[in-house]
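Before any comments, here is the structure.
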Amino acid sequence: MSSRHNSKTLLQIAKEAAISVLETLNPNDRFGVVAFSSNAYIPGSSTIGRECHGTELAKATPLNIKFMKSQVSVIRSGGSTNYEAAMKTAFKFFVNTLDMSGDRGKVILFLTDGDQTAGGEPLEVIKEENKKMNNRVVILTYGLGQRLISSICLPIYRPGGELVGVACSDATVSDIMSDISYFRQGELSYAFIIDGTGRTLIHPLLPLPDSVKDDPIYVNIEHLERSSSATMVIESMKIGNTGNETFYSKRTVPRGNMLYEGIETENILSHYYWKPVIQSNFSVCIVVGDNDKQPILDHQTVTQDSFVYHRLDYTTTEGSNCRHFTRFGTKDKSVVMLTPGAFLEPFNYLDVDETKAMITKYEDFLTGKNVLNNPGLKESILNSVSSTYPAESIWKSSEELSEFVVWRYIGTADGVMRLYPGVELPKNYDHTRRAWYKRTLALKGQIVLSAPYLDLWGSGYLITLSKTITEGSGSGVGSGQTVAVIGTDFTINYFYQMMQNTYSDCQNTQQFSCFVLDSSGYIVIHEDFANPDSTSPEIENVHVIYKESAIAEDLINNNMMNKASCIDFETIKEQFTYRVVTNDIDRMNSYAKYKISPVPNSNIFIVIKQRVYTTATRCCSIYGISPDSHKCSSRSCDCLCYKDADFDYCNNAYTLLGDAAQTCSPRDPELQTENLNDEEKIKNLQFCFDPKCSTRTQKSDCFGVAGCSWCVRGSKDQDLEQPYCALQSVCYFGQVGSEDPYGNNVGDNSNTDEAGGIKVGAIAGIVIGVLIVVIIAGCVYSHIRTKSSISSSNGSPAFNTESTQQTNAHDNQAFRSQNQSSSERPSFQHQSSINNRGNLMFHPQNQSAEYTFPTAPVENPPPYSAVVSYGSQTKHGYPNKSYL
């Protein structure tokens, strides 16, 4: 086949045709490929793990198609042409494949240059072998094309019953199944769709169809619904029956970013309801957790100001615009995004470009101008928009910590996202599928801090602090349905300075160093994160295994940090992550020389270690590699890693024994940010919150301010005689002209006149209604006291560490029918020695609307979270946000 046609060899044409046919197959088909010259052979059958391709027809899953395409593409010409050997080998596939029921079409597509040069008569082979198959082997013609679609087809008959043909319509899976993808009925309910073979089309443990960028993995529903009681449900669905059953089944609860934080599981009493989709081979099942429900807010008064849509280019609301880092925004108003889950028919939102006319309809309905003309929103959305609006006045009323806060937001369970300062969000943004929301939901009732991450929109490395708002009167942590998650994002340097100011041992840098660890083993803050002498510090996704190996190894050896795993069906890998669970432990006498203590009602741990040289072997020496790219070693102390899952490629099936890991949650969808380039829009705009870096003459006044950097080295890496404060673009890591985390190099702009001033503050806390979020500073290394009222020596009020109460929706008038009684105001306790018995503690409780600002040194931000409350009083709090 070395001769040419239109500049291509016949072999090239044959390979392209074979690949085109492979691309037309659907996952319910089976296929095999035979290459032949002097003899016949099976491409890929000698590959380890792929031996089955040599003996049976494989399921036409995207993975198998992709593999075989790669094998076909490297076939080379040579030798003679033996048709007989090729046909015998092809027919053996039909004989050896068990799943070859009589109604299954059987096809051999034979591609050759037409010149037989070896072997016997192929027609005799076809005659004899086809007879064994009841002469059912035929040749079909395939149309070409490649899209992630579902074909909806119906046969067309003449009046007498004669088949005319088949009419089909191709539609993307995300279009026709968006209602199921976004089905929500409380936290424990979901829906899924399968076809008659058990192949899963939609399930919450699979990625959304429109977020699939590579070949999708077709997963049998038995791998996702593993309860033994679910087998009967699945078999009934496959044959098109209707029914309902109740039994316990497991829920996968994502702990944030699946690759880095893993999952938890929960056994839930579940009610299964299933029914076939009429005139199709699909069946849909709705699974409702026992007593699960969608929270319903009390009716709220709609106001003209409660809704400003995030599309500032289309909104009709008056207000000035400004520059918030790299974004075009406004500080006059918070903005609201209606995510896909807010709509009755998410497809109508996702598949249509928004117009000014559409946005005007949103505004008219949600501001009370035309409440009778609902533009396709869920019934609860009107109340959710109105209920979150009071947070705006809180966000705008305090200037005390606004310089440390970058973003503040509230995301409701029914799909409303309120953000301040106001900027446009990506069209496919859905907070309920982002790591910050999922992490907070998994730790319901706790104050949750994230590890640092690079803000998408130019503000640098941030830390998120978030918390759930729940409905219900339960007093236990995490009881009640989640109404919303509130969050604030603040700078890592601010958090570092707070830690240093709080602990005297942390200030004794000659003897001790301190860091904060989260429950997945990631370092939230470390001295190296805030060290301006480091040209390019490693900050994002830094695990204790990598950064503090001696401590990590000791935690593992003493069962304080353990591995957990789940199976990622997208990559066919078992992913391993870590869990940190420990009480106050003093390990100063160990080779690691450290103390660790959990911060009550939070996901973090404080670690103080002695500065001593240890000879411990580094557990993990790899930084910046995704856990799904690092294969596990045999060591117990290893980087985050993966193992290959046990997968039968030809039958597209996993070997899931009784001790098999649970299913991973899907990864966060990739945000569509292509249309959010505001570079031209912000050229001549003032800062929304001008950091006034050039006016800050002291490091303590500059350090931690969002947008500022303390410059200590010149562009040639020489020490500056006079360090100064400048915009972070001037010297992001302390060196003038150094490359910032976004890959930009800039010169010395230290004399830039930063005009504008900060006229509107941002609350450095997270709040809605009469919620209080307080961070109490102190040490927890000897033991944790349940009460303390010792006053600090700097004149700050004393903090009373009463037992923690749940933050729930009844703390806001929007979420309750009657006001509840107020509790005492919090005060501040400042204990700073490693041997003291105080707490570093997050303390949520009910609070009256009255508030008095705590006193604090001017240059140093107060090392605690202050308070938030409802009403017109000025508020003060502690920052937090998450990955936007």
Side-chain angles (χ1 to χ4, degrees), residues 148 172-175 178 181-182 204 206-214 216 254 256-261 309-314 324-329 334-343 346-347 349-354 406-412 415-441 450-464 466 485 487-489 540-541 570 626 628 665-679 681-682 741-743 880-884:
L148 185 58
T172 64
V173 176
S174 58
D175 286 348
S178 61
S181 299
Y182 287 93
L206 297 179
L208 292 174
D210 55 0
S211 67
V212 176
K213 302 301 180 184
D214 202 352
N257 186 314
M258 179 275 293
L259 276 181
Y260 295 89
E261 299 167 270
Y309 200 53
H310 73 114
R311 289 292 302 272
L312 298 177
D313 51 341
Y314 283 155
H324 194 53
F325 297 95
T326 63
R327 296 307 313 278
F328 174 82
S334 62
V335 298
V336 171
M337 179 182 182
L338 304 172
T339 65
F343 291 83
F347 161 73
Y349 166 79
L350 289 168
D351 204 50
V352 177
D353 292 333
E354 288 178 315
V406 177
W407 305 102
R408 317 94 172 130
Y409 42 87
I410 300 175
T412 67
V416 172
M417 177 71 177
R418 185 177 291 274
L419 173 69
Y420 184 81
V423 299
E424 180 183 349
L425 291 170
K427 178 71 180 293
N428 70 330
Y429 186 83
D430 183 352
H431 56 275
T432 64
R433 300 179 190 272
R434 307 307 299 173
W436 65 268
Y437 189 95
K438 294 185 289 187
R439 180 186 306 112
T440 312
L441 204 61
S450 74
Y453 58 92
L454 188 62
D455 179 40
L456 186 64
W457 294 322
S459 64
Y461 290 103
L462 303 176
I463 293 173
T464 292
S466 55
V485 172
T488 303
D489 297 343
E540 196 167 11
N541 295 324
E570 292 184 63
S626 176
D628 62 353
S665 58
R667 308 181 189 206
D668 294 350
E670 184 177 340
L671 294 179
Q672 299 169 357
T673 60
E674 297 81 4
N675 298 324
L676 298 182
N677 188 343
D678 295 339
E679 184 176 353
K681 295 180 182 179
I682 65 176
Y742 302 95
N880 168 37
K881 158 187 163 145
S882 172
Y883 314 102
L884 281 174

**Report entry** Test side chain to side chain contact (heavy atoms under 4.5 Å, CB included) applied to Tyr429 and Glu424, Met337, His310, the passing residue
**Finding:** Met337

**Report entry** Pairing residues for Arg667 by the salt bridge (charged side-chain N to carboxylate O under 4.0 Å, His left out) criterion, not counting sequence neighbours
**Finding:** Asp568, Asp628

Check [X] against [Y] and note the closest heavy-atom contact, atom names and distance.
| X | Y | value |
| --- | --- | --- |
| Gly422 | Leu312 | O-CD1, 3.6 Å |
| Leu425 | Leu676 | C-CD1, 4.0 Å |
| Leu462 | Trp407 | CD1-CD1, 4.2 Å |
| Arg439 | Ser450 | NH1-CB, 3.7 Å |
| Ser459 | Asp455 | OG-OD2, 2.6 Å |
| Ser466 | Thr440 | OG-OG1, 2.6 Å |

Requested in this report: For Tyr349, check ring-ring contact (aromatic ring centres under 6.0 Å, His included) against everything at least two apart and list the hits.
Outcome: Phe343

Query raised in the report: How about Val485 and His431: do any of their side-chain heavy atoms sit closer than 4.5 Å?
Result: no

Query - Non-hydrogen side-chain atoms of Arg434 and Pro669 separated by less than 4.5 Å - result: yes

Partner set under side chain to side chain contact (heavy atoms under 4.5 Å, CB included) for [X], not counting sequence neighbours:
| X | value |
| --- | --- |
| Pro346 | Ser178, Asp179, Tyr182, Pro340 |
| Thr432 | Arg184, Asp430, Tyr437 |
| Asp678 | Arg327, Phe328, Lys681, Ile682 |
| Pro666 | Pro207, Glu570 |

Is it true that a side-chain atom of [X] and a backbone atom of [Y] form a donor plus acceptor pair closer than 3.5 Å?
| X | Y | value |
| --- | --- | --- |
| Thr339 | Gly415 | yes |
| Tyr742 | Gly458 | yes |
| Asn257 | Asp668 | no |

**Report entry** Check against side-chain contact (heavy atoms from CB on, under 4.5 Å), Val423 and Val335
**Finding:** CA-CA 7 Å; Val423 299; Val335 298; 5.9 Å; no

Report task. Please step through side-chain contact (heavy atoms from CB on, under 4.5 Å) for the pair Phe325 and Leu456, ending with a clear verdict. Result -> CA-CA 10 Å; Phe325 297 95; Leu456 186 64; over 6 Å; no

Query raised in the report: Between Trp457 and His324, does the ring centroid distance fall short of 6.0 Å?
Result: no

